Amino acid sequence: MSDTLFLTSEDVSGLASPEEYVEAVREGYRQRGEGAPAEPRTKLPNAEPPGMLTGYSAILPETGAMGGYMYASGFGAKDAWFVTPVFDAESGEPIALLDGASMNPFKTGATGAVGTDALAHEDADTLGIVGSGSQARGQLRAIAAVRDLDTVRVYSPTKASRESFAAEMNEQLDASVAAVASSAAAIDDAGIVVTATTASDPVFDGDMLADGAHVTAMGQYHPEKRELDATTIERSTYVPDLRERVSQDAGSFIAAVEAGVVSEDHVHAELGEVVAGAAPGRETDEEITVFDSGGTAIETVAAAHMLYEKAREEGLGSEISFAPASEALTGK
């Protein structure tokens, strides 16, 4: 039997800082850049009741962990559940099982921060955010761990939401965080731009991006939905989390190809290749960079293993047991 640590959402919540998530996720992407296996998500839609079953996986050999997410969203309960199994990459044994929902904005935010750190100007201190939900919160807290932010401007369509977000983040960060009345105002002269929305259509005009800006887009992973317009993609040095998912669900890039403004070879490199030094990141002060973050098991496994180790140190979680196939797969 294998003793596996089960961590509830309460166990995971507050267990690690944004800096710890960023460190773990950066290391995961370095391993990916040196050849660690990872596959894009699979999405199985259900018509009635409407819902989606999703999963993805990765192996991080140097971390010594493998696994990923499986989650269901929609269906009759109109909610979502995230299950995160973690296996030992040497023995193959299951070492942890996490209720993965509470870590999601933190590991996704850390991924955006790793992309920002790899591609944005080192002295970028102005951030424009489109979106004011949990993912926007995760992105901002993580980026504040890699850049010394001075000014943050946030826009989302609902005034009360963006003002509440700004007030909350203003108390938590050293930067000045303010709500603004349009996405154009949010991105105006911003060195870093983040889109964290559920929008199906572009949320700002790419002509308005300042020269030298970096954009992290993380809200969409659907072939027919996009947060960025074709102009943004055309102007950019384009870096996705996984090259394989670009033609599958990177809607902004797919639309730019269909519009004829770029070809498929416009993909500069994967994030892991940049982090590992196998491909250059930003090469000029003026270029616009885009990190297209659709979500992978790289950050999921990296973050989950980090949380597993911290939970063991702090005595959190409960033990459950899995029987190996050699004992249980008997057919009796």
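Everything quoted here is computed from the prediction, not taken from an experiment.
- A heavy-atom distance below 4.5 Å is found between the side chains of Phe82 and Asn104.
- Side chain of Glu27 to backbone of Glu62: no donor-acceptor contact under 3.5 angstrom is found.
- Ion pair Glu309/Arg312 not flagged as a salt bridge, since none of the NZ, NE, NH1 or NH2 atoms sits closer than 4.0 Å to an Asp/Glu carboxylate oxygen.
- With hydrogens and angles ignored, the 3.5 Å screen pairs no side-chain donor or acceptor of Arg153 with any backbone N or O of Val177.
- The two residues Arg226 and Gly251 make their nearest non-hydrogen contact at CB-C, 3.8 Å.
- Closest heavy-atom contact between Ala65 and His305: CB-CD2, 3.5 Å.
- Side-chain contact between Glu270 and Asp241 is absent, with no heavy-atom pair separated by less than 4.5 Å.
- Counting only distance, with no hydrogens or angles, the side chain of Ser252 and the backbone of Leu228 share a donor-acceptor pair below 3.5 Å.
- Aromatic ring orientation, His266 versus Phe253: parallel (interplanar angle below 30°, classes split at 30° and 60°).
- Atom CG of Asp148 has 12 or fewer heavy atoms from other residues, nucleotides or ligands within 6.0 Å.
- What you find for Asp292 and Ala250 is that their closest heavy atoms are OD2-CB, 3.7 Å.
- Nearest approach of Leu209 to Ala213, heavy atoms of both residues: CD2-CB, 4.4 Å.
- In this structure, the side chain of Thr158 does not engage the main chain of Ala160 through any donor-acceptor pair within 3.5 Å.
- Looking at heavy atoms from C-beta onward, Asp3 lies out of side-chain contact with Phe322 at the 4.5 angstrom threshold.
- Judged by distance alone, the side chain of Arg147 and the main-chain N or O of Ala120 form a donor-acceptor pair under 3.5 Å.
- Remark: the backbone N or O of Asp123 is not paired with any side-chain donor or acceptor of His121 at under 3.5 angstrom.
- Judged by distance alone, the side chains of Thr63 and Gln31 do bring a donor and an acceptor atom under 3.5 Å apart.
- With a 4.5 Å cut-off on side-chain heavy atoms, Val114 and Phe291 do not count as touching.
- Under a 4.0 Å N-O distance rule, the pair Glu39/Arg245 does not qualify as a salt bridge.
- Counting heavy-atom neighbours within 6.0 Å of Glu283 CD, excluding the residue itself, gives a total above 12.
- Heavy-atom neighbours of Glu90 CD from other residues, nucleotides or ligands within 6.0 Å: at or below the threshold of 12.
- Nearest heavy-atom pair across Pro61 and Ala36 is CD-CB, 3.8 Å.
- The closest donor-acceptor contact from the side chain of Ser293 to the backbone of Gly112 lies at 3.5 Å or more, if one exists at all.
- Between the Ser183 side chain and the Val203 main chain, a donor and an acceptor come within less than 3.5 Å of each other.
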query: Between Thr289 and Arg282, is a side-chain hydrogen bond (donor to acceptor under 3.5 Å, both in side chains) present by the stated rule, with each step listed?
result: CA-CA 7 Å; Thr289 55; Arg282 171 178 295 276; 3.3 Å; yes

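- Within the 4.5 Å cutoff, the side chain of Met66 has no heavy atoms near those of the Val86 side chain.
- Heavy-atom neighbours of Glu23 CD from other residues, nucleotides or ligands within 6.0 Å: at or below the threshold of 12.
- Ala166 and Ala179 make their closest contact through CB-N, 3.7 Å (heavy atoms, listed as atom of the first residue, atom of the second, distance).
- Classified by interplanar angle (parallel below 30°, tilted 30° to 60°, perpendicular above 60°), the ring pair Phe106/Tyr21 is parallel.
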task: Kindly determine whether Glu10 and Thr8 satisfy side-chain hydrogen bond (donor to acceptor under 3.5 Å, both in side chains), including the steps that lead there.
output: CA-CA 5 Å; Glu10 186 176 346; Thr8 66; 5.3 Å; no

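- Using a distance-only test at 3.5 Å, with no hydrogens or angles considered, a donor-acceptor pair links the side chain of Arg162 to the main chain of Val180.
- The closest side-chain donor-acceptor pair between Thr296 and Tyr29 falls under 3.5 angstrom.
- Residue Glu319 places its CD atom among more than 12 non-hydrogen atoms of other residues, nucleotides or ligands, all under 6.0 Å distant.
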- prompt: Which is it for Arg137 and Glu168 under the salt bridge (Lys or Arg N to Asp or Glu O under 4.0 Å) test, yes or no, and what are the steps along the way?
  reply: CA-CA 9 Å; Arg137 187 176 292 111; Glu168 176 191 347; 3.0 Å; yes

Residues Thr237, Glu287; criterion side-chain hydrogen bond (donor to acceptor under 3.5 Å, both in side chains); working and verdict: CA-CA 7 Å; Thr237 298; Glu287 71 183 298; 2.5 Å; yes

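- Taking 4.0 Å as the cut-off between side-chain N and carboxylate O, Arg235 and Asp211 count as a salt-bridged pair.
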